[in-house]
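What follows is a set of notes on a single structure, which appears directly below.
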Amino acid sequence: MDTIKGIKGVKDILPEETPRWRFIEDAARRWALAYGYQEIRIPIFELTALFARSIGSSTDIVEKEMYTFPDRDGSSLTLRPEGTAGTVRAFIEHNRAADPVPQKYFYLGPMFRHERPQAGRLRQFHQFGVESFGTSDPRADIEVIALLWRLLSDLALPDLTLEINSLGGAGDRAAYKPLLRSFLSQQESRLCENCRRRMETNPLRVLDCKVPDCRTVTESAPRLTDHLSPDARTHFDQVLEGLTAIGVPYRLNPRLVRGLDYYCLTSFEVTSTHLGAQNAVGAGGRYDGLVETLGGPSVPAVGFAVGLERMSLMLPPESFSSTNDCHFYVAAFGEKGTRIGLVLLDELRRAGLSTQCDYRSTTLKAHLRQADRLQCRYAILLGDDEANCGSITLRNLESKAQENLPLAGLPSLLKSRVSL
RNA sequence: GUGGGUGUAGCUCAGCUGGUUAGAGCGCCGGAUUGUGGAUCCGGAGGUCGCGGGUUCGAAACCCGUCACUCACCCCA
């Protein structure tokens with residue numbers, strides 16, 4: 001009989017690991033709410049066309065990484081590879097643009113991409129992301145970047161670097177691309193095979209090729225940031241000034257080009273050297289045209305997404321507590337003790353006291369061993385001796401101090417006399 | 001999709017140029033303590049050596065295939 005195993009690149013998060021995940025998720029929620037972002041819960045799957053149209057049909061994600069399957073009526077559905085598309089769809093569908101207050105959302109949940117798994121990369125992975133709609137003011141960019149930076153700093157993730165660039169407006173890129181392309185074609189012989197192909201399809205991507213030869217070539221390439229329109233230039237300068245004003249350190253990276261088609265103007269990425277080959281923790285940027293592209297009104301927007309697995313990989317182990325919060329263990333044994341123990345256990349729990357028991361243990365020794373393993377603070381010993389005189393023995397498992405207490409009214413007695 | 005590394009007990013790993021009953025540490029169960037945990041001592045259980053084939057008198061080891069995990073390329077969070 002072959003046992004059924006989990007899917008490649010899809011991992012279980014076991015009870016030992018969930019405290020660290022809750023710690024990260026709680027911090028993300030707390031920071032998002034503090035910045036005025038509201039949680040939105042969007043579906044795990046959508047019509048395939050949504051992702052094809054928003055992410056860009058020639059990106060790797062759409063070309064070969066999506067989990068796409070037919071619905072029963074034949075329409076094509078896809079497990080979400082990222083969160084922005086669905087959020088924008090919901091924003092349009094519920095006409096949120098008509099709401100007079102700024103529409104600022106955050107989401108948290110699994111994403112799916114069919115890639116080869118490696119360190120920091122899974123097929124089902126988790127992202128926390130925010131989207132700020134309706135504000136083209138550079139302060140919206142600053143806010144989003146600040147939120148990301150403060151969150152990651154709060155978690156004490158090591159050796160973070162914020163890199164930033166401006167992709168300019170659509171017109172700027174249209175004017176810049178021919179310049180870059182002609183520069184590249186002069187150097188074509190020195191470029192890697194991949195870049196020669198990219199030269200035609202997406203010349204911007206040549207800029208962040210990792211091949212050393214390509215990097216030396218592009219070192220002297222014309223820079224997009226030198227060809228920004230006055231508006232785009234001003235916007236970028238204001239973002240940088242704002243980051244300086246609030247003390248968020250950044251590094252200009254003219255090579256930074258995001259992979260998804262919808263980005264414009266501000267583009268940023270937070271990296272760390274502690275992540276193996278996948279050094280990006282989180283990234284984002286402005287996507288002013290996307291809402292309109294997806295059939296909504298013309299609404300500017302800016303956002304980011306961070307990878308929770310990658311945050312988890314970097315989280316210092318001492319920064320969160322994984323201690324068991326179960327305080328009491330009911331060690332009921334013997335015929336009468338077992339019977340009374342069942343009731344006591346329920347009473348303690350109803351009184352809000354976290355209480356454990358192992359029903360497989362039949363001797364006091366076995367019970368205490370389990371209480372120890374479960375890291376309980378107190379054991380409530382209840383054998384036939386106690387049962388016969390209507391009492392229990394409260395044992396402090398650290399100090400070993402024991403005292404006899406009446407069974408009647410025990411929950412409230414414990415609540416008042418035991419400081420937890 | 002491409003390349004490298006690794007698959008031996010619940011976990012971490014030994015196992016020499018092929019040699020007969022496959023080992024250790026930790027963990028687990030039991031006892032020393034018939035109502036007192038962690039420490040110590042003693043005892044015990046637990047393995048299709050990833051799977052399939054081949055070479056050989058003999059394979060955990062060598063060869064071929066296959067699967068899984070893992071790291072990296074590509075790309076991304």
Side-chain angles (χ1 to χ4, degrees), chain A residues 1-3 5-11 16 55 58-65 80-84 108-129 148 152 192-195 197-198 202 205 208-211 256-260 268-272 275-285 303-314 329 331-334 337 358 360-387 392-402:
Chain A
M1 177 81 170
D2 287 347
T3 56
K5 299 181 68 181
I7 298 166
K8 182 198 284 286
V10 178
K11 279 203 172 161
E16 296 77 40
I55 297 167
S58 66
T59 59
D60 276 13
I61 293 178
V62 173
E63 269 184 359
K64 51 191 187 195
E65 295 177 359
R80 62 183 190 192
E82 51 98 56
T84 299
L108 198 58
M111 306 294 165
F112 306 85
R113 293 183 198 172
H114 189 106
E115 299 182 273
R116 241 352 223 284
Q118 81 187 66
R121 179 201 284 166
L122 296 173
R123 290 187 174 177
Q124 174 173 338
F125 62 105
H126 298 78
Q127 285 187 334
F128 162 70
L148 174 59
L152 299 180
C192 71
E193 199 178 324
N194 231 316
C195 282
R197 189 169 39 78
R198 278 195 283 235
N202 193 349
R205 294 220 61 93
D208 74 355
C209 182
K210 285 177 195 158
V211 178
L256 181 62
V257 178
R258 313 268 39 254
L260 284 56
F268 57 93
E269 188 167 277
V270 176
T271 59
S272 171
L275 277 175
Q278 261 55 48
N279 62 355
V281 193
F304 71 73
V306 277
L308 297 190
E309 278 80 3
R310 293 183 185 182
M311 290 166 84
S312 176
L313 278 174
M314 290 193 294
Y329 183 99
F333 57 102
D358 182 349
R360 298 169 304 180
S361 302
T362 53
T363 63
L364 179 58
K365 186 187 179 76
H367 270 129
L368 285 173
R369 188 163 49 224
Q370 291 301 63
D372 185 47
R373 281 201 270 242
L374 292 164
Q375 296 175 52
C376 292
R377 305 263 288 270
Y378 297 93
I380 293 166
L381 316 190
L382 178 50
D384 286 346
D385 293 353
E386 287 87 352
I392 59 96
T393 300
L394 181 67
R395 178 179 176 85
N396 182 321
L397 289 168
E398 282 166 72
S399 70
K400 300 184 177 184
Q402 296 193 172

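In what follows, every chain begins at residue 1, and chains take the letters A, B, ... in the order their sequences are listed. Model, not experiment: these values are computed from the prediction.
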- Note on the structure: Heavy-atom contacts, protein to nucleotides 34-45 of chain B, under 4.0 Å, summarised as B (base), S (sugar-phosphate only) or - (none) per nt, yield -BBBB-------
- Message: If you only use heavy atoms from C-beta on, which nucleotide in B:C73, B:U70, B:A77 is closest to the side chain of A:Ala277?
- Response: B:C73
- Task: Provide the distance between the two P atoms, one in B:A24 and one in B:G47, to the nearest whole Å.
- Result: 15 Å
- Summary of salt bridge (Lys or Arg N to Asp or Glu O under 4.0 Å) pairs that have at least one residue in residues 116-125 of chain A, sequence neighbours excluded: A:Glu115-A:Arg121
- Task: Determine the Euclidean distance between corresponding C1' atoms of B:C62 and B:G1; express it in Å to zero decimal places.
- Result: 32 Å
- Item | Between B:A77 (P) and A:Gln124 (CD): distance, integer Å | 17 Å
- Note on the structure: Sorted by chain and residue number, the salt bridge (charged side-chain N to carboxylate O under 4.0 Å, His left out) partners of A:Lys365 (sequence neighbours excluded) come out as none
- Quantified in whole Å, what is the C1' atom distance between nucleotide B:G52 and nucleotide B:U40? 48 Å
- Message: Are the side chains of A:Gln278 and A:Gln118 in contact, using a 4.5 Å heavy-atom criterion?
- Response: yes
- Item | Validation row: A:His126, A:Met111 side chains within 4.5 angstrom (heavy atoms) | no
- Item | B:A45 and B:C63, which share atom name C1', separated by this distance in whole Å | 37 Å
- Query: Rounded to whole angstroms, how far apart are CD on A:Glu16 and C1' on B:G27?
  - Reply: 14 Å
- Query: By salt bridge (charged side-chain N to carboxylate O under 4.0 Å, His left out), which residues pair with A:Asp384, not counting sequence neighbours?
  - Reply: none
- How close or far is atom P of B:A72 from atom CG of A:Leu122, stated in whole angstroms? 12 Å
- Between A:Leu275 (CG) and B:C76 (C1'), how many Å, whole number? 12 Å
- Message: Expected output check: what is the dot-bracket annotation of RNA chain B, where ( ) and [ ] are pairs inside the strand (brackets for crossing ones), | is paired with another strand, and pairs are Watson-Crick or G-U under 3.5 Å?
- Response: (((((((..((((.....[...)))).(((((.......))))).....(((((..]....))))))))))))....
- Item | Whole angstrom value for the distance that separates C1' of B:C76 from CG of A:Asp60 | 9 Å
- Query: Taking only residues two or more places apart in sequence or in another chain, which ones pass side chain to side chain donor-acceptor pair (under 3.5 Å) with A:Gln127?
  - Reply: none
- Query: For B:A72, does OP1 or OP2 lie under 4.0 Å from any side-chain N or O of A:Gln118?
  - Reply: yes
- Residue list, ring pair (Phe, Tyr, Trp, His ring centres under 6.0 Å) with A:Tyr329, at least two apart or on another chain: A:His367
- Task: Could you list the residues that satisfy salt bridge (charged side-chain N to carboxylate O under 4.0 Å, His left out) with A:Asp372, not counting sequence neighbours?
- Result: none
- Task: Provide the distance between the two P atoms, one in B:G15 and one in B:G50, to the nearest whole Å.
- Result: 15 Å
- Message: According to side chain to side chain donor-acceptor pair (under 3.5 Å), who are the partners of A:Asp358, at least two apart in sequence or on a separate chain?
- Response: A:Arg360, A:Gln370
- side chain to side chain donor-acceptor pair (under 3.5 Å) involving A:Gln402 - partner list, sequence neighbours excluded: A:Arg395
- Note on the structure: From CZ of A:Phe112 across to C1' of B:C76 the rounded distance in Å is 17 Å
- Query: NA contact type, A:Gly120, heavy-atom cut-off 4.0 Å: base, sugar-phosphate, or nothing?
  - Reply: base
- Message: Taking B:U20 as the reference, what is the distance to B:C42 when you measure between their C1' atoms (whole Å, please)?
- Response: 31 Å
- Message: Once side chain to side chain donor-acceptor pair (under 3.5 Å) is applied, do any residues pair with A:Glu65, and if so which ones, sequence neighbours excluded?
- Response: none
- Message: Output one letter per nucleotide in nucleotides 1-6 of chain B: B when a protein non-hydrogen atom lies under 4.0 Å from the base, S when only the sugar-phosphate is that close, - when neither is.
- Response: BBB---
- Task: To the nearest Å, give me how far apart CZ (A:Arg360) and C1' (B:C29) are.
- Result: 12 Å
- Between atom CZ in A:Arg123 and atom C1' in B:A68, what is the gap in whole Å? 13 Å
- Heavy-atom check, side chain of A:Arg377 versus side chain of A:Asn396, under 4.5 Å: no
